[in-house]
Amino acid sequence: MAHDPNCIFCKIIAGEIPSRKVYEDDDVFAFHDIAPWAPVHFLIIPKRHIPSMAQLAPDDAAVMGKIMTLAPQLAFENGCRPYPEGGFRIMINTGHDGGQEVRHLHVHVLGGPRPWSKGND
Ligand code: 5GP
Ligand code: ZN
């Protein structure tokens with residue numbers, strides 16, 4: 001399914017739920033997390049509704065590659081300090097045991113000076 005009408009991230013992509021946009025192209029959308037753990041915390045998502053990493057198929061390699069190569073660019077453009085003193089953390093929660101709450105695949109990008117409000121380890 002390209003768009004799930006019950007999915008909050010599909011609604012964010014469609015502009016039906018407001019968000020603070022970081023980036024958008026034909027395949028990918030990125031926006032600031034509503035409850036940040038760190039000074040920089042945004043999410044990068046495929047526009048196509050993929051529930052999680054568990055459903056990835058070979059055809060998704062291109063969009064996942066795009067997300068991973070965009071991550072450092074967007075991180076450094078949005079407040080992460082330069083490597084190596086700075087940097088960022090990538091997190092992709094998958095399924096209940098993986099701590100996933102929203103069932104539309106999303107890549108967390110976290111960064112900025114520590115301590116963070118959560119996830120300091
Ligand atoms: P998960 O636990 O599924 O890996 O992460 C879901 C993330 O989505 C959480 O960090 C949560 O704060 C964020 N989130 C949930 N609903 C919304 C929303 O409506 N808008 C934005 N910007 N972030 C959201
Ligand atoms: Zn969705």
Side-chain angles (χ1 to χ4, degrees):
M1 182 186 330
H3 173 95
D4 178 344
N6 299 314
C7 169
I8 60 169
F9 286 179
C10 284
K11 289 181 183 173
I12 283 176
I13 293 164
E16 294 162 16
I17 294 177
S19 71
R20 287 172 55 222
K21 182 161 80 175
V22 168
Y23 176 85
E24 179 173 16
D25 66 25
D26 287 347
D27 310 307
V28 169
F29 195 88
F31 56 103
H32 291 281
D33 198 289
I34 204 166
W37 289 22
V40 178
H41 186 178
F42 61 88
L43 307 173
I44 314 177
I45 66 178
K47 283 193 168 175
R48 191 168 86 76
H49 179 83
I50 304 170
S52 81
M53 292 282 286
Q55 289 76 27
L56 282 180
D59 279 356
D60 300 315
V63 72
M64 293 308 291
K66 184 185 243 186
I67 287 172
M68 285 312 214
T69 51
L70 269 170
Q73 177 196 324
L74 298 181
F76 294 126
E77 286 174 3
N78 286 279
C80 291
R81 298 178 301 140
Y83 180 89
E85 291 76 17
F88 54 86
R89 172 176 289 178
I90 295 286
M91 186 170 74
I92 311 177
N93 299 328
T94 303
H96 177 76
D97 287 351
Q100 183 183 10
E101 290 179 358
V102 177
R103 300 294 166 100
H104 180 131
L105 195 162
H106 49 282
V107 175
H108 293 257
V109 180
L110 300 125
R114 288 172 182 264
W116 296 350
S117 59
K118 265 173 90 177
N120 274 296
D121 292 345

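Counting convention: from 1, in listed order, for ligands and their atoms alike. The figures that follow rest on heavy atoms only: side chains count, while hydrogens, waters and symmetry mates do not.
- If you check which protein heavy atom lies closest to atom 3 (O) of ligand 1, you get Glu101 N, 2.7 Å.
- Placement of Leu70 and Val109 within a single hydrophobic cluster is found when ILVMFWY residues are connected by side-chain heavy-atom separations under 4.5 Å, directly or transitively.
- In this structure, Asp25 pairs ionically with Lys66, as a charged nitrogen and a carboxylate oxygen lie closer than 4.0 Å.
- Of all the atoms in ligand 1, the ones that sit under 4.0 Å from a non-hydrogen atom of Ile8 are 16 (N).
- Taking hydrophobic clusters as Ile, Leu, Val, Met, Phe, Trp and Tyr residues chained together by side-chain heavy-atom distances below 4.5 Å, Tyr23 does not share a cluster with Phe31.
- In this structure, Gly99 is part of the shell of residues with a heavy atom less than 4.0 angstrom from ligand 1.
- Contacts between Ser19 and ligand 1 below 4.0 angstrom, taking non-hydrogen atoms only, are absent altogether.
- Looking only at heavy atoms of the protein, atom 22 (N) of ligand 1 is closest to His32 O, 2.9 Å.
- A donor-acceptor pair is defined here as one N or O able to donate and one able to accept, closer than 3.5 Å; no such pair exists between the side chain of Arg48 and the backbone of Val63.
- Every atom of ligand 1 with a heavy atom of Phe31 under 4.0 Å away is listed here by number and element: 21 (C), 22 (N).
- Taking only nitrogen or oxygen atoms, main chain and side chain alike, Asn93 reaches within less than 3.5 Å of ligand 1.
- In plain terms, the two heavy atoms of Phe29 and Ser19 that are nearest each other are CE2-OG, 3.8 Å.
- Distance check for His3 against the Zn ion (ligand 2): none of its N/O/S atoms falls below 2.8 Å.
- Contact between His106 and ligand 1 is present, with at least one heavy atom of the residue lying under 4.0 Å from the ligand.
- Computed with the Zn ion (ligand 2) at the centre, the Cys10 SG to Cys7 SG angle is 120°, stated to 10 degrees.
- Ring pair His106/Phe9 is perpendicular by interplanar angle, where above 60° counts as perpendicular and below 30° as parallel.
- Atom ND1 is the N, O or S atom of His49 at the shortest distance from the Zn ion (ligand 2).
- Taking all heavy atoms of Ile12, Asp33, Ile17 into account, the minimum distance to atom 18 (C) of ligand 1 is reached by Ile12.
- Using a non-hydrogen distance threshold of 4.0 Å, Phe9 registers as a contact of ligand 1.
- Ala14 and His3 make their closest contact through CB-CE1, 4.2 Å (heavy atoms, listed as atom of the first residue, atom of the second, distance).
- Within the 3.5 Å criterion, the main-chain N or O of Trp37 finds a donor-acceptor partner in the side chain of Ser117.
- Taking any N or O of His41, backbone or side chain, none lies under 3.5 Å from an N or O belonging to ligand 1.
- When all heavy atoms of Phe88 and Cys80 are compared, the closest pair comes out as CB-SG, 4.0 Å.
- Note on ligand 1: Ile92 sits outside its first shell, no heavy atom being nearer than 4.0 Å.
- The N/O atoms of Ile34, backbone and side chain alike, include one that comes under 3.5 Å of an N/O atom in ligand 1.
- The shortest non-hydrogen separation linking Pro51 to Gln100 is O-NE2, 2.9 Å.
- The contact set between ligand 1 and Leu43, taken as ligand atoms under 4.0 Å from a residue heavy atom, comprises 8 (O).
- When distances from the Zn ion (ligand 2) to the N, O or S atoms of His104 are compared, ND1 comes out shortest.
- Using 4.0 Å as the threshold, His108 has a heavy atom nearer than that to some atom of ligand 1.
- The contact set between ligand 1 and Ala35, taken as ligand atoms under 4.0 Å from a residue heavy atom, comprises 12 (O).
- Residue Arg114 qualifies as enclosed at atom CZ: its count of foreign heavy atoms under 6.0 Å is above 12.
- A pairwise comparison of heavy atoms in His104 and Pro46 identifies NE2-O, 2.8 Å as the closest pair.
- Between Gln100 and ligand 1, a contact under 3.5 Å exists for no N or O pair.
- In terms of N/O distances under 3.5 Å, ligand 1 is not approached by Trp37.
- Note: the hydrophobic cluster containing Ile45 does not contain Met53 (ILVMFWY, side chain heavy atoms under 4.5 Å, direct or indirect links).
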